[in-house]
Structure formats: C-alpha cells, structure tokens
Amino acid sequence: MCGIVGYVGVRDATPIIINGLKRLEYRGYDSAGVAVINDNQIEVRRDAGKLSQLVDLVSKSPLNGAPGIGHTRWATHGAPSARNAHPHVSNTGKMVVVHNGIVENFLELKDELTSEGVVFNSDTDTETIVHLAENHKAAGISFEEAARRTFKQIEGANVVLLMSTEEPDKIIAARIGNAGGVVLGIGENENYLASDIPAILEHTRKVIFLESRQMAVVTREGICVETLDGEEVKPEIHVISFDAVSAEKGEYRHFMQKEIHEQVRALTDTLAGRVDFKEGRIRLPELKLTPELAKRIQRIYITACGTAAYAGMVGKYLIEKIARIPVEVVIGSEFRYSDPIVDENTVILAISQSGETADTLAAMEEGRRKGGIVWSIVNAIGSQAMRIADGYIVMQTGPEIGVASTKAFTAPLVDQYMLAILLADLRGVIDEKTRRQLVADLRLVPDLAGRVMDTEAEIEKVAHALKDIRGCLYLGRGINMPIAYEGALKLKEISYIHAEGYPAGEMKHGPIALIDEEMPVLCLAPKDPWHEKMISQIQQAKARGGMVIAVATEGDELVKSMADHVLWVPEAPWMLSPVVTVLPLQMLAYHIAAIRGLDVDQPRNLAKSVTVE
Ligand code: M6R
C-alpha cells in the first residue's frame, strides 16, 4: 500500500527519497513520484509503473533541492497513470501533497471546490487535500493553520504530507485515523518522514511515531508534534534496534526465499528470553498478564487477516487444548460487523505482521469499544496494533519484505503456543509434567525448521513437476487444517494458480467432485492425531485419478507408497507440527512462482500492508 518518504535538510532530497521509497517497494504500488522545493518553486517528477521509471525520469530531468516528499501509489481513485501519481500540486503551484488512505468525503469536497473554480488535474481523492489547504492559506493564515484546518475537514483514515513554497523550510505531516503509520526520523540538522521504518533506517534509528489525529511540523532544526486540536504533544522517542542490512536480499533471488530461510533464526529469536527451559516456564512480560487476569478470561477472540488469520486458527487449537479457554477466530474485516459478544472478561487478540492492517485495527477498536482486553501479536515495532493494545507480543522476525508472508506466519504459531502454556500455568489448569514437556518441546523447533530447509532441492524438483498445473486442492485435518488454507493462499497469491484449502473431512460434501487427473490434491499427512484420516483421504483422491502431493513425516512408507510426490518433514510434537508442515508449502509456492518467472516479492494487485478497509 502507498509508501511515503519525506526529507528536510541541507542535502538534495531526491536520492534520499528514492532510496527510501525503494525500501518500501514491498508494500506494493503501481506509480511513483517525488517533489522538491527548489528556488522557491515546486518541481515534480512522477510516472506510472515501477520506481525504475521514476529513476530514469529523474536522470533525464534532474531534481535538486530540499525539502522533498515522495510517494509510491497503490491506485484507489483513478487508474495507475502519471496524472494520478502523487505528488499533486495546487492550482497556484505553491503547495504540494502526498497521501496514503482514502478521503471518504472527497466527492462532496470536490464538488465544493469545483464550484469555487478550482481545477482538478487528476481523478484522485488526494487532490482535494492540496486545494483545500491552498484555499485556507489564501485567507492569510499560516501554513500550519491552513494544514490543520484541512486535516480536520477530511474524513476517513489518512496520512498526509504537505509542503508550501510560502514556508519552504518545512514539511507538515498528519495522521488522521489508522491509515498506516507515520514515522518521523530524527537526524543531525536534518529530519525524515516515512510511512515505515525501513525507509529511513539507513539515516537514523531515533524515531517518533505519530498517533492518530496528530500532526507534526518538521524542519531541519526540529520536530514539533501537536494534536489536530492544537494541543502540544511531548512525543516519545524510540530507538530502533534492527538494522537496514537485514532488509537486503543477500545471496537469495527473492526476499521471499530469504525470509523462508530466515525462519530458523526467527524461531530461535522467538524463544530467546521467553522460555525458561530449566523451570519449564514461559515469560511474556509485554503482555502484562497477571494470574488474576488469566483466571478471569472467559473467552478469546483471535482477529486477523489473511495469513495472520490462518496463524490464529492454529492458535485456537493450541489455546483451547492447553489453556482450556474457548477461542473464536474472526476475520478482521468481519469482526466489527458480527456484533461479537465482548465483556471485561473477553480478550481480543489481534495478529498482524505490519500492525497497520486497517481491518485488524478496526477489530481491535471494536473490542476496546465493547470493553474487552485488547492484545496483539505484531512484527512491526511501534506499529499501531502494538501501541493500542493493553499487552502485546513482538514477533522476533525482523522486517518482512516479500508480500507473501512466511516468517510472520511461523513466529505467531510459536507465540500462541507459548501464550497457551502461560495462560494454562497462571490459571492452574496444567500439571507440572505436561507443562515441562510442552516447554521442552520448544527447544526442538529451530532445528526441525532447519531440517526442512535442507530439503529445498527436492521441493524444487516437485515444483518443476507442478509448474503448469491449473488448480490445486489443499487438504488438512485438525491442527494442520489451517495449514491447508495457508499453503493454498501462498500458491495463489504468488503463482496465480487457483488453489483451495479445505478441511479434509469436508471433501465428501462437495469438493471431491473436482478431483480428476487434472486436479492435483495436496494432502497434509504428518504423523499427528489425524494421520489415519489423512491416509484415507489420500486413498479417496487416488481412487478418483487425482495426483497426490503429500506432506509426510520422514520414514512414512505408507504415504510414500500412495502419493505421487512427497514433501518430507521431520517428526515433530503434534502441537508444533504446523510450524514444520507449512515450510515445504511456502517453498513449493515460491519455486513454482519463480519457475513461472513471476514477480514473487510483489505479486500483482497485492500490497504488503493493507491500510484501507
Ligand atoms: O500485516 P498483516 O499481518 O496484518 O497482514 C495481513 C494480510 O494482509 C497478510 O497476511 C496477507 O494475507 C499476505 N499477503 C499473505 O501472504
């Protein structure tokens, strides 16, 4: 989803902005642009397509000066084209804007502005912002006041950066609602703005996060934060620990491949400092979970979108089995429309890699509004989902760049396993032996993941055999049923092959009609409590001529004798098996997409962080 970068300082803004935008490419976009103030004039370069096109444009027609703002656009209002690309300039050419979000009342505002004689040069909602600001400024007020009045007029969840030639030393930023973040980077005699940390990490690690309904006036000398109502805010300065290097591709062809492999390290880090193997206990201090709180919880709603929601489905099994608390998983976009039954003994647990997914944030807000306890499991440190929660668990995975989520799937599986043990322990519903065994099993996780990584060459061979399939059914049962969903999502989002995940037991109620020689069936059949049921599923698929690809436990001769292809995984304790069984499915999807020559890291129509409803 749209990326934003801004720079105020003595250096030329353009290279800083373009580099920053490159670091945000993972969010997905279809056009890009940059604007600087040079000799009291606003100059803009923008084009449809990838950043490389903007780089070409800037090299043919250089852009010097500062401050500057840049943008990668993911089209909402109006086609991806040069005229709709940001930045957008006001009619007098004195103001310029970039924007992330949707101005919900834009038609109304546009009508008003048009009737006053304002000329629109694009189909975007964004353009209303700059014209409104210019109208306010024309009344003789300061740039800051004009910006504030504008921000208060626009409805919806929006992030805005504005510059004006009349006060050319500053950028004014606002966060209105939850349209993704605004991070302000503090430098030496220069300052930065961005929609996400990786864009500015190479320059500074000292950052401020704007909260909803706050604005910032950013100059070379400093950053001044206020609410939209004009109250001064003393912002907290965060120091970011992960470095930009971990956001490079290194030896891998794609970020997705790198991130699949990084899971071994990420899973190790997930355990670090949280698992006391000697005592057989779990520590999750940021969750602020006391025995009293643990005992009064009567229900947990897990809410999330896409891959994060499938991680939540595994979490349901774990928390219900280990902690004996009823858990319901509600897709983020549905939570607020389902009138969930929430009281002060209900937990709303949001899972989100970005921590900025609009639907997940809306679900958290709904949970809060209804008086629930709001928790989150997030990857992006400082994200909204982390900040608005009563307690949180940070995924220790580092930045995830590939649009297809991988390490941000396995980390929350382990986080929820640990959460389940902690809840069970504090509620007194687990005996010491079981608790110690569950905790001890965690020690196996990184090594088990590493052993799957070693099978990549075999998985690539299977990918070659499957590269031309037109569809695939993914079947799983019990705790591995959500892995069927996740495996199918991975395949469809990056290879554009239709894939469906199904609970295996549902096959006979309809989808079995699809199985023939043309429809491969991927069966998750590790040695877990549902193994025998999955064997019978494989038999049923074979009896109908289907090609079977099985995920099976090393040494399982029975599965080997029945399946056409086997993706082997090491034996794992069943409650941790999803962490292992999903890995070959990530790799399979990755290799099929790579063999088909597709843009694995930025699949069509998708954004890394979906900050609109
Ligand atoms: O940042 P989030 O975890 O909240 O994102 C949720 C989904 O948009 C995300 O998992 C999406 O489904 C991925 N493309 C899956 O690979």
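Whatever order the structure lists them in is the order used to number ligands and atoms, beginning at 1. Each residue takes its place number in the sequence, starting with 1.
Interface of Ala404 with ligand 1, defined as ligand atoms under 4.0 Å from a residue heavy atom, comprises 16 (O). The contact set between ligand 1 and Ser354, taken as ligand atoms under 4.0 Å from a residue heavy atom, comprises 1 (O), 2 (P), 4 (O). Which parts of ligand 1 touch Gly306 is read off a 4.0 Å heavy-atom cut-off, strictly below it: atoms 12 (O). Close approach to Ala308 involves these atoms of ligand 1, each under 4.0 Å from a residue heavy atom: 3 (O), 10 (O).
The residue from Glu259, Gln263, Glu486 that alone fulfils the side-chain hydrogen bond (donor to acceptor under 3.5 Å, both in side chains) condition with Gln586 is Gln263.
Proximity of Glu356 to ligand 1, defined as any heavy-atom pair under 4.0 Å, is not found for any part of the residue.
Taking the charged nitrogens against the carboxylate oxygens, Asp601 and Arg253 have no contact shorter than 4.0 Å, which rules out a salt bridge. Classification of Glu365 and Arg368 as a salt-bridged pair fails, no side-chain N sitting under 4.0 Å from a carboxylate O. Glu320 and Arg299 are not joined by a salt bridge, as no carboxylate oxygen comes within less than 4.0 angstrom of a charged side-chain nitrogen. Between Arg274 and Asp415 there is a salt bridge, with a side-chain nitrogen of the basic residue lying less than 4.0 Å from a carboxylate oxygen of the acidic one. A salt bridge is defined here as a Lys NZ or Arg NE, NH1 or NH2 lying under 4.0 Å from an Asp or Glu carboxylate O, and Glu211 with Arg387 meets this definition.
Among protein heavy atoms, atom 7 (C) of ligand 1 sits closest to Cys305 O, 3.5 Å. From the protein, the heavy atom lying nearest to atom 11 (C) of ligand 1 is Thr307 N, 4.2 Å. With respect to atom 8 (O) of ligand 1, the closest heavy atom belonging to the protein is Val610 CG2, 4.2 Å. The protein heavy-atom contact nearest to atom 16 (O) of ligand 1 is Glu493 OE2, 2.5 Å. Closest protein heavy atom to atom 5 (O) of ligand 1: Thr357 OG1, 3.5 Å.
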Show your working on side-chain contact (heavy atoms from CB on, under 4.5 Å) between Leu583 and Leu448 and close with a plain yes or no.
CA-CA 10 Å; Leu583 302 175; Leu448 293 173; over 6 Å; no

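Which of Met256, Lys490, Gln353 comes nearest to atom 3 (O) of ligand 1 through a heavy atom is settled by distance: it is Gln353.
A donor atom on one side chain and an acceptor atom on the other are found under 3.5 Å apart for Gln353 and Asn379.
At least one N/O-N/O distance between Val403 and ligand 1 falls below 3.5 Å.
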